Enquirer: 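My questions all concern the structure below.
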Amino acid sequence: MRRYEPQEIEPRWQRVWADERTWEVSNAPELDGGSSKPATSYVLEMLPYPSGEPHMGHLKCYAIGDALAHFRRRRGERVLHPMGYDAFGLPAENHAIRTGRHPRESTDASIAEFRRQFRSWGVSIDWSRELATHEPEYYRWTQWLFLRLFEQGLAYRRDAAVKWCPTDETVLANEQAKDGVCERCGTPVVSKQLEQWFFRITDYADRLLDDLDSLDWPEHVKTMQRNWIGRSHGAEVVFRCEELGTDYPVFTTRPDTLFGATFFVLAPEHPDVLRLNDSPEVRSYVERAAAEPSEQRGSELGEKTGIALGRTVTNPVNGEEIPVYVADYVLMEYGTGAIMAVPAHDERDHEFAQAFELPIREVVRAPIEEGGESPTLLPYSGDGQMVNSGRFDGEHNRVAFDAIVDWLADEDRGRRSVNFRLRDWLLSRQRYWGCPIPIVHCERCGLVPVPDDQLPVELPDIQDYAPKGRSPLAAATDWVETTCPSCDGPARRETDTMDTFVDSSWYFLRYCDARNGEAPWGREVLDGWMPVDQYIGGVEHAILHLMYARFFTKALADLGLVGFEEPFARLFTQGMITREGAKMSKSRGNVISPRDYVERYGADTTRCYMLYIGPPDQGADWSDEGVGGIHRFLARLWRIGDEIAEPERGAATIDGAGNGQPSPLLRKAHWAIDKVTADLRDRFAFNTALAAIIELVNDAYRYKDDLLASPEGTVQLRFAVATAGSLVFPFAPHLGSEVYELMTGTRVWEQPWPEADPALLSSETFELIVQVNGKLRDRVAAPAEASEAEQERLALGSERVAAQLNGGQIVKTVVVPGKLVNFVVR
RNA sequence: GCGGAUGUGGCGGAAUUGGUAGACGCGCGGGCUUCAGGUGCCCGUGUCCUUCGGGACGUGGAGGUUCGAGUCCUCUCAUCCGCACCA
């Protein structure tokens, strides 16, 4: 008996696909024979960050994407399925510093390995569109796009308190400093005052939030983005300090509680703190708070600290003078850096009031629950009736909300206002391995953009790219010193580089027109492919990458460069692959490499197992025993194909209807077509699709000997095996091609996706379920066309039902046509 | 604390619309094939009881709706993920 040898089969098919450039698609589809334009489909997996070699997460992502790409192609769509590399970034540079090897070298080596492995996995990629973000042909356009945003004022420079990682010696985006530590290296971040480049993403906060409703994305990802943008509706209210003659606006979501404001708090970073009081105590408090980034502040929640400034401000609703404090629970980044404190209706203000023995005045009374008159437990943040609020007493607080804001607006002491949690995107990095910012600093002209025809500003080769607190590029004197494009005087280049998230915010656009040397893309080409029909990647990008790419797309739409507002119509987030119940990591020593499995079992087995392990949006634990099971299945399919192959390839007819009576196997084949099609079309149910194909192959073995006894049976058996090959092709493209060719002599990817014959999906009889009081008691054969009365009669004839009756009486009969009969017996 | 998700055999999971719980795979048990070595074929496998006909129980837990609930409702427990002084 011959053996299934993926090591021989897989490279053979890969060569065919490479030689014939099978998966390339053109941007200008030829209308074949005047037929209507075929539907297009853009299937995209998030581009990999090339570091070392691909891991299991990559394999999972591309196994999912490739299955969908193949399925859509064979259903007649023109599918764009490209690949590229997110090549700039900190890890490559840190690795380079450790090993002394230039980041370009290690990155290029890694890209070569990724490319080699993707080919060895048999992924159907259009390699003619391959790109890498560190190539000048790519980042030339990253710089070009930066300049368009700069012209619009969407890229700007400002002095800001920024998060700084002392280990990586660079500033970080808000989003890259989670829980007060650097996302990359885990070092606690510190606060620094520096001039930095920002993108004005906050201008797009409303649209980024509102347009989420139009997206077919997982609900939890949309929720995360909504929370991150954090839109709150409320009012800005002005409190005046008469002694200094200064107005202090605050943002509040609860203007209805204004009468309950009994003190006022400034953030330590608020510029007026020392103006109000510059005693040594206040100075030291402010300095201590400034050294700590906001994330680490008050880590023991509830322990409120602060200092009274010995000043008062006037509450605009009742003229009350209330004391002013400085306290670190108020953040400078949010709102105005100052708050009105309402201890009766805000938990944090309540804690502060208790610690400093400040008055607590209830102004919203909780409705009395039926059954008791419990006093309102403070702090209370719900709705209720206004009390202690002058002429608003007795009103519902929601009504008073509007009335108070309108009144303040008339008095010019306030207005309706909306606040966001989202901050502008800090994009500059004091690092070497990134896209240079195409700006020149001129003493006379200020910030001068590098003219488009001088792009790209190439990243120079330097010897020492280790971070030193300023960009390593600053040491490349020849490169830094230049002339001003505006006045021709001496000038210096910007030495910061861009955050890599800028590179990946538009790569999906470049794929559409990847070889365009005149522009980042042609707009009509883009509109033919975009938006991405199906985007696939990990949840770890739910906020950062996906938010930035959406911002870029909207900004480019406003510039008229693209004709759509959202880049990714449909998103799928894959779950993580674990090993022995834990995330794979070098320190745990539980890392397994796709390469080992591909070499040992073949790419088809590894890919199929990845999809068979469970629902792809959930995490799953890798098991070597499970891989063996899938390998056995593929080997069985190959072996039966090998055994029954027509010696003269192509001579076999595989007419699905077959000749003579349809065998149970023929029916099973059509059932499998129907099942796999639905699982792939309507949901990402690869595991159950594969289970259906396994059932088909198992049945092929079961009926093989019977069917081989007659020529008609042999044809039906070949059809079933060819169908298994055809259906398995999106998951195991090499084996699918091999088996299909053994059966038919043709290439499976050139064949349309099979269609189930409805006549073979139904049969003349079915198994009627017979229940007594909802419990299964018997199954009887019933004609498919049986009427309800007939079903009931058949069920009554069951001996087991009679035994169950046992003197009881049937009080009710429920008949579900084509399914079951249930007798209610008492 | 707030928000989201998930709980089904020894294990991964299936059950798509309220209608046969456990598809398919792993593991385990048995048989066959002179079969030596990661890889063949077939059968069995939720738990307990059984006079071997079958019966009782069973989807984290407790209630409820229904002829019928893994699926719907209420409460509750556990695990995982995200956010977290956002005024």
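Labels below follow one simple rule: chain letters A, B, ... track the order of the sequence lines, proteins then strands, and each chain is numbered from 1. This one's a predicted model, so the numbers in the text were calculated from it and none came from an experiment.
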Enquirer: Rounded off to whole Å, could you give me the CG-to-P distance for the A:D349 and B:rC85 pair?
Expert: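 Value for this atom pair: 14 Å.
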Enquirer: Does anything in residues 681-695 of chain A reach RNA chain B, meaning a heavy atom under 4.0 Å, and if so which residues?
Expert: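 Those residues whose heavy atoms fall under 4.0 Å from RNA chain B, taken from residues 681-695 of chain A in numerical order, are A:R683, A:N687, A:T688, A:A691, A:I694, A:E695.
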Enquirer: Using the C1' atom as the reference point in each nucleotide, state the distance between B:rC35 and B:rC41 in Å, no decimals.
Expert: 11 Å
Enquirer: Whether the A:D424 and A:T202 side chains hold a donor-acceptor pair (N or O, under 3.5 Å, no angle test) is what I'd like checked.
Expert: yes
Enquirer: Using the ring pair (Phe, Tyr, Trp, His ring centres under 6.0 Å) criterion, which residues pair with A:F823? Sequence neighbours excluded.
Expert: none
Enquirer: Is the glycosidic angle of B:rG53 within 90° of 0, making it syn, or outside that range, making it anti?
Expert: syn
Enquirer: Can you list everything that forms a side-chain hydrogen bond (donor to acceptor under 3.5 Å, both in side chains) with A:R361? Sequence neighbours excluded, please.
Expert: A:E320
Enquirer: What's the CZ-P distance between A:F633 and B:rG40, to the nearest Å?
Expert: 14 Å
Enquirer: Which residue pairs satisfy the salt bridge (Lys or Arg N to Asp or Glu O under 4.0 Å) criterion with at least one member in residues 219-235 of chain A, sequence neighbours excluded?
Expert: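 As it turns out, the salt bridge (Lys or Arg N to Asp or Glu O under 4.0 Å) pairs with a partner in residues 219-235 of chain A, which skip direct neighbours, are A:D206-A:R231, A:D210-A:R231, A:D213-A:R226, A:E219-A:R226.
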Enquirer: Among B:rC24, B:rU20, B:rG19, find the nucleotide with the atom closest to the side chain of A:R779.
Expert: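 Minimum distance to the A:R779 side chain belongs to B:rU20.
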Enquirer: Can a donor-acceptor pair under 3.5 Å be found between the side-chain atoms of A:K775 and the base atoms of B:rU20?
Expert: no
Enquirer: Would you say CD of A:E347 has more than 12 non-hydrogen atoms from neighbouring residues, nucleotides or ligands within 6.0 angstrom?
Expert: no
Enquirer: What is the distance, rounded to the nearest whole Å, between atom CG of A:L776 and atom P of B:rA56?
Expert: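 Going from A:L776 (CG) to B:rA56 (P), I get 11 Å.
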Enquirer: Can you see whether A:T605 engages A:Y4 through a side-chain donor-acceptor pair at a distance of less than 3.5 angstrom?
Expert: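 Result is no, nothing qualifies.
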Enquirer: Please report the distance separating the C1' of B:rU65 from the corresponding atom of B:rG10, rounded so that it comes out in whole Å.
Expert: 35 Å
Enquirer: Looking only at the side chain of A:E625 (C-beta and beyond, no hydrogens), which of the listed nucleotides B:rG27, B:rG68, B:rU20 gets closest?
Expert: B:rG27
Enquirer: Measuring only the P atom in each nucleotide, how far is B:rU34 from B:rC49? A whole number of Å is fine.
Expert: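 It works out to 40 Å between them.
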Enquirer: Would you state whether a donor and an acceptor, one from the side chain of A:Y612 and one from the base of B:rC24, lie under 3.5 Å apart?
Expert: yes
Enquirer: Atom pairs under 3.5 Å, N or O on each side, protein against nucleotides 52-54 of chain B: can you list them with distances?
Expert:
residue, atom, partner, partner atom, Å
B:rG54, OP1, A:R800, NH2, 2.8

Enquirer: With a 4.0 Å cut-off on heavy atoms, is A:K704 in touch with a base, just the backbone sugar-phosphate, or nothing at all?
Expert: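 No contact at all - A:K704 keeps every heavy atom at 4.0 Å or more from the nucleic acid.
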Enquirer: For RNA chain B, which consecutive runs of 3 or more Watson-Crick or G-U pairs (each distance under 3.5 Å) count as stems?
Expert: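 Listed by first number, the stems are B:1-7 with B:77-83, B:10-12 with B:24-26, B:27-32 with B:40-45, B:46-49 with B:54-57, B:60-64 with B:72-76.
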Enquirer: Please list, chain by chain and in numerical order, all residues satisfying ring pair (Phe, Tyr, Trp, His ring centres under 6.0 Å) with A:F633, sequence neighbours excluded.
Expert: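 In terms of ring pair (Phe, Tyr, Trp, His ring centres under 6.0 Å), with neighbours along the sequence ignored, A:F633 is linked to no residue.
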Enquirer: Can you check the A:M576 CE to B:rC81 P distance for me, whole Å?
Expert: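 These atoms are roughly 8 Å apart.
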Enquirer: Using a distance-only test with no angle check, is there a side-chain donor-acceptor pair under 3.5 angstrom linking A:Y597 and A:D624?
Expert: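 Distance-only check passes for A:Y597 and A:D624.
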Enquirer: From the set B:rU16, B:rG40, B:rG82, return the single nucleotide nearest to any side-chain atom of A:M224.
Expert: B:rG82
Enquirer: Check the phosphate of B:rC83 against A:R421, side-chain N and O only, distance under 4.0 Å to OP1 or OP2. Yes or no?
Expert: no
Enquirer: Indicate whether the side chain of A:R636 and that of A:N698 have a donor and an acceptor atom separated by less than 3.5 Å.
Expert: yes
Enquirer: Whole angstroms only, please: what is the CG-C1' distance between A:L546 and B:rG82?
Expert: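 Taking atom C1' of B:rG82 as the reference, CG of A:L546 is at 15 Å.
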Enquirer: Pick base, sugar-phosphate or nothing for A:E347, based on heavy-atom distances below 4.0 Å to the nucleic acid.
Expert: nothing
Enquirer: Say you draw a straight line from CD of A:Q225 to CG of A:L215; how long is it, rounded to the nearest 0.5 Å?
Expert: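 Reported to 0.5 Å precision, the distance equals 8.5 Å.
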Enquirer: Checking only heavy atoms, does the side chain of A:R632 share a donor-acceptor pair with the base of B:rU39 at less than 3.5 Å?
Expert: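 Not at all, since no donor on one side and acceptor on the other fall under 3.5 Å apart.
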Enquirer: What's the NE2-P distance between A:H631 and B:rG40, to the nearest Å?
Expert: 9 Å
Enquirer: Tell me whether the guanidinium CZ or amine NZ of A:K304 lies under 6.0 angstrom from the six-membered ring centre of A:F352 and within 45° of its axis.
Expert: no
Enquirer: Where the side chain of A:R636 is concerned, which of B:rG19, B:rC42, B:rC43 is the nearest nucleotide?
Expert: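 Selected nucleotide: B:rC42.
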Enquirer: Could A:D642 and A:R639 be called an ion pair, given the rule that one side-chain N must be under 4.0 Å from one carboxylate O?
Expert: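 Salt bridge between A:D642 and A:R639, a charged N being under 4.0 Å from a carboxylate O: no.
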Enquirer: Between A:Q771 and A:I613, which residue's closest nucleotide on RNA chain B lies nearer the 5′ terminus?
Expert: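 Here A:I613 is the residue nearer the 5' end.
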Enquirer: What interatomic distance, in whole Å, is found between P of B:rG12 and the corresponding atom of B:rG3?
Expert: 30 Å
Enquirer: For A:F264 and A:Y248, take the angle between the two ring planes, folded into 0 to 90°, and tell me which bin it lands in: parallel under 30, tilted 30 to 60, perpendicular over 60.
Expert: tilted
Enquirer: Say whether, by atom type as modelled, one donor and one acceptor occur between the side chain of A:H734 and the main chain of A:D604 under 3.5 angstrom.
Expert: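 Pair absent, no side-chain N/O of A:H734 close to backbone of A:D604.
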Enquirer: What residues, two or more places apart in sequence or in another chain, satisfy side chain to side chain contact (heavy atoms under 4.5 Å, CB included) together with A:A685?
Expert: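 A:A685 satisfies side chain to side chain contact (heavy atoms under 4.5 Å, CB included) with A:D679, A:R683, A:N687, A:T688 once adjacent residues are dropped.
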Enquirer: Between atom CG in A:D624 and atom P in B:rG12, what is the gap in whole Å?
Expert: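 Those two atoms, CG and P, are 16 Å apart.
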Enquirer: Report the glycosidic orientation of B:rG12: syn if within 90° of 0, anti in every other case.
Expert: anti
Enquirer: Given A:F263 and A:F356, is the ring-ring contact (aromatic ring centres under 6.0 Å, His included) satisfied, shown in steps?
Expert: CA-CA 11 Å; A:F263 57 101; A:F356 289 79; 8.4 Å; no
Enquirer: Check the distance between B:rC43's P and A:R702's CZ and give it to me in whole angstrom.
Expert: 6 Å
Enquirer: Do A:K675 and A:E695 sit within salt-bridge range, that is, some charged N less than 4.0 Å from a carboxylate O?
Expert: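 Not counted as a salt bridge, because no side-chain N and carboxylate O are separated by less than 4.0 Å.
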Enquirer: Give the nucleotide from the list B:rC24, B:rC42, B:rA14 with an atom nearest to the side chain of A:Y701.
Expert: B:rC42
Enquirer: For nucleotides 31-37 of chain B, tabulate all protein N/O to nucleotide N/O atom pairs closer than 3.5 Å, reporting atom names and distance.
Expert:
none

Enquirer: Under the salt bridge (Lys or Arg N to Asp or Glu O under 4.0 Å) test, which residues partner A:D705, sequence neighbours left out?
Expert: none
Enquirer: Consider the side chain of A:Y334, meaning its heavy atoms from C-beta on, and name the nucleotide among B:rG19, B:rC83, B:rA87 that approaches it most closely.
Expert: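 Out of B:rG19, B:rC83, B:rA87, the nucleotide with an atom closest to A:Y334's side chain is B:rA87.
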Enquirer: I'd like the C1' distance from B:rG22 over to B:rU71, given in whole Å.
Expert: 15 Å
Enquirer: Which is true for A:T813 with a 4.0 Å heavy-atom rule: it touches a base, it touches only sugar-phosphate, or it touches nothing?
Expert: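 No contact.
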Enquirer: Nucleotides 2-11 of chain B: which of its N/O atoms have a protein N/O under 3.5 Å away?
Expert:
none

Enquirer: Let me know, please, whether A:S232 or A:D679 comes out on the 5' side of the other along RNA chain B by nearest nucleotide.
Expert: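 Residue closer to the 5' terminus by nearest nucleotide: A:D679.
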Enquirer: Does A:K819 make a side-chain N or O approach to OP1 or OP2 of B:rG19 shorter than 4.0 Å?
Expert: no
Enquirer: Classify A:N698 by what it touches in the nucleic acid, base, sugar-phosphate, or nothing, heavy-atom distance under 4.0 Å.
Expert: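 The answer is sugar-phosphate, as A:N698 gets under 4.0 Å only of primed atoms, P, OP1 or OP2.
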Enquirer: Which residue pairs pass the salt bridge (Lys or Arg N to Asp or Glu O under 4.0 Å) test when at least one of the two sits in residues 605-616 of chain A, sequence neighbours left out?
Expert: A:D66-A:R607
